[in-house]
Amino acid sequence: MKARLARGLFLDRDLERFRQQLAKFQPFLSRKKLLASLDEFDATTEQLISLVFGEASDQLEAYQYAKLGEAASLVNLPEEAQEGGAEDIFRESLQQRKRVIESCISELEERKASVASRNGRTNVLTSVKVADYMSHDVRSVHRDATIKEAGRLLQKWRVGSLLVDDGLRYIGIITDTDLSRKAVARGLDPNTTTVKQCMSKSIVTIEDTEPMTEAIRLMKENGVRHLPVTEDGTIIGVLSVSDLLRAYDELSGLVLEGGADEDGAVRS
């Protein structure tokens with residue numbers, strides 16, 4: 001029991017560190033901080049990710065790809081497009097950094113919930129359905145579109161994934177991580193490489209009536225951060241890691257205020 005409580009205390013400490021790091025990052029998004037200090041922020045963030053998740057972790061790799069994506073994309077831009085395109089690429093690179101930090105917070109929240117459950121405290125997510133927190137916007141891109149177009153749509157709609165269609169049905173999914181790992185890291189030309197070359201063909205879905213705990217299990221089991229949500233087999237929305245994070249934040253507040261019944265229902 002003492003060991004479990006100790007793990008819970010370490011998780012609280014790590015969560016607070018990442019939340020502070022996320023707060024420190026906001027001025028970069030609004031350009032209130034000098035860009036020269038971004039290198040220092042990156043170094044601190046990578047050190048924190050390595051300390052908490054390990055030097056070989058997916059989180060650290062994703063953060064490094066966010067920086068790599070910025071540099072590699074600039075190289076691939078034609079000279080006449082450098083001035084305008086560089087601004088968009090840099091902004092997207094900042095957004096990718098932000099998503100990685102949010103993902104770290106979400107994973108730590110999951111660990112904290114798991115420790116709390118083992119310590120005898122109720123996991124309130126059991127009584128909450130996927131439909132309560134999913135996004136109802138189903139964004140998609142055609143399989144023959146270029147990855148440059150896919151990146152533009154991700155930025156335009158401020159989402160981390162797009163379903164891929166062939167004009168009749170959904171045949172896959174592409175995420176910002178796919179663009180970083182499968183396209184940028186391999187030096188593929190964003191103007192000629194198509195979405196179908198980088199997408200994930202298997203779509204892991206979840207029914208809207210399933211509990212959020214099942215969504216967490218599926219994400220962990222399949223190594224994904226986005227789940228298309230279905231109703232009677234038809235895709236009606238998407239649940240992301242950011243949605244899980246929002247659920248944790250909101251429900252944690254409710255538990256502190258009113259507690260939870262023995263069956264897991266939150267009391268108001």
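Sequence positions, counted from 1, serve as the residue numbers for this chain. Quick caveat, the model's predicted, so the values are computed rather than measured.
- Here Arg246 pairs with Asp243 in a salt bridge; the nearest charged N to carboxylate O distance falls below 4.0 Å.
- Residues Ala150 and Val195 come closest through the heavy atom pair CB-CG2, 3.9 Å.
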**OP:** Apply the test salt bridge (charged side-chain N to carboxylate O under 4.0 Å, His left out) to residues Glu214 and Arg217: give CA-CA distance (whole Å), side-chain angles for both, the deciding distance (0.1 Å), then the verdict.
**Re:** CA-CA 5 Å; Glu214 175 63 11; Arg217 186 191 69 78; 2.7 Å; yes

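- Within the model, atoms OG1 of Thr192 and CD1 of Ile147 stand 8.0 Å from one another, a figure rounded to the nearest 0.5 Å.
- With respect to the salt-bridge test (charged N to carboxylate O, under 4.0 angstrom), the residues Asp176 and Arg99 qualify.
- Side chains of Phe25 and Leu38 form a contact here, defined as non-hydrogen atoms less than 4.5 Å apart.
- Atoms OG1 and CD, from Thr45 and Gln64 in turn, are 11.5 Å apart once rounded to the nearest 0.5 Å.
- Here the closest non-hydrogen pair linking Val128 and Asp132 is CG1-OD2, 3.6 Å.
- In summary, Lys196 and Asp144 engage in a salt bridge, as defined by a charged side-chain N under 4.0 Å from a carboxylate O.
- Of all non-hydrogen atoms in Pro228 and Leu163, the two that sit nearest each other are CG-CD2, 3.7 Å.
- In plain terms, the two heavy atoms of Val238 and Ser161 that are nearest each other are CG1-OG, 4.2 Å.
- Here the NZ-CG distance, from Lys182 to Leu188, works out to 11.5 Å after rounding to the nearest 0.5 Å.
- Under a hydrophobic clustering in which Ile, Leu, Val, Met, Phe, Trp and Tyr are joined whenever their side-chain heavy atoms come within less than 4.5 Å, directly or via other members, Leu108 and Val100 fall into the same cluster.
- Here the OH atom belonging to Tyr170 is positioned 9.0 Å from the CD1 atom belonging to Ile203, to the nearest 0.5 angstrom.
- With a 6.0 Å radius and a threshold of 12 heavy atoms from other residues, nucleotides or ligands, Glu221 has its CD atom above the threshold.
- A donor-acceptor pair shorter than 3.5 Å cannot be found between the side chains of Thr234 and Glu231.
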**OP:** Any chance you could lay out the side-chain contact (heavy atoms from CB on, under 4.5 Å) test for Cys104 and Tyr63, step after step, and finish with the verdict?
**Re:** CA-CA 10 Å; Cys104 290; Tyr63 196 88; over 6 Å; no

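- Atom CD1 of Ile173 is separated from atom CG of Asp165 by 12.5 Å, given to the nearest 0.5 angstrom.
- You'll find the side chain of Ile49 reaches within 4.5 Å of the side chain of Phe18, heavy atoms only.
- With hydrogens and angles left out, the side-chain atoms of Arg225 and Thr177 include no donor and acceptor closer than 3.5 Å.
- A salt bridge links Asp166 with Arg169: the closest approach of a Lys/Arg side-chain nitrogen to an acidic carboxylate oxygen falls below 4.0 angstrom.
- For Glu109 and Arg19, the salt-bridge test passes: some basic side-chain N is under 4.0 Å from an acidic carboxylate O.
- The cluster map of Ile, Leu, Val, Met, Phe, Trp and Tyr, joined by side-chain heavy atoms under 4.5 Å apart, puts Val159 and Ile101 in different clusters.
- Salt bridge status for Arg152 with Glu149: present, with a side-chain N to carboxylate O gap under 4.0 Å.
- By the criterion of side-chain heavy atoms lying less than 4.5 angstrom apart, applied directly or through intervening Ile, Leu, Val, Met, Phe, Trp or Tyr residues, Val130 is grouped together with Val204 in one hydrophobic cluster.
- In this structure, Ile171 and Lys201 have side chains that are not in contact, with every pair of non-hydrogen atoms separated by 4.5 Å or more.
- Thr205 places none of its side-chain heavy atoms less than 4.5 Å from the side chain of Val229.
- Contact of the Leu22 side chain with the Glu102 side chain is registered, since non-hydrogen atoms from C-beta on lie closer than 4.5 Å.
- Of all heavy-atom pairs between Leu239 and Met219, the closest is O-CE, 3.7 Å.
- No single ILVMFWY cluster, assembled from side-chain heavy atoms under 4.5 Å apart, contains both Met199 and Leu227.
- Between the CH2 atom of Trp157 and the CG atom of Leu153 there is a distance of 4.5 Å, given to the nearest 0.5 Å.
- Tracing side-chain contacts under 4.5 Å through hydrophobic residues (I, L, V, M, F, W, Y), one never reaches Ile235 starting from Met134; they form parts of separate clusters.
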**OP:** Evaluate the criterion salt bridge (charged side-chain N to carboxylate O under 4.0 Å, His left out) for residue pair Asp42 and Arg97; output intermediate values, then yes/no.
**Re:** CA-CA 9 Å; Asp42 284 339; Arg97 286 173 169 90; 3.0 Å; yes

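- Gln26 CD: more than 12 foreign heavy atoms inside a 6.0 Å radius.
- No donor-acceptor contact under 3.5 angstrom links the side chains of Gln21 and Thr44, judged on distance only.
- The closest side-chain donor-acceptor pair between Gln155 and Gln95, if any, does not fall under 3.5 angstrom.
- The shortest non-hydrogen separation linking Ser180 to Gln96 is OG-OE1, 3.1 Å.
- When side chains are defined from C-beta on, Ile174 does not count as touching Ser200, because their heavy atoms never get closer than 4.5 Å.
- A donor-acceptor pair shorter than 3.5 Å can be found between the side chains of Glu207 and Thr230.
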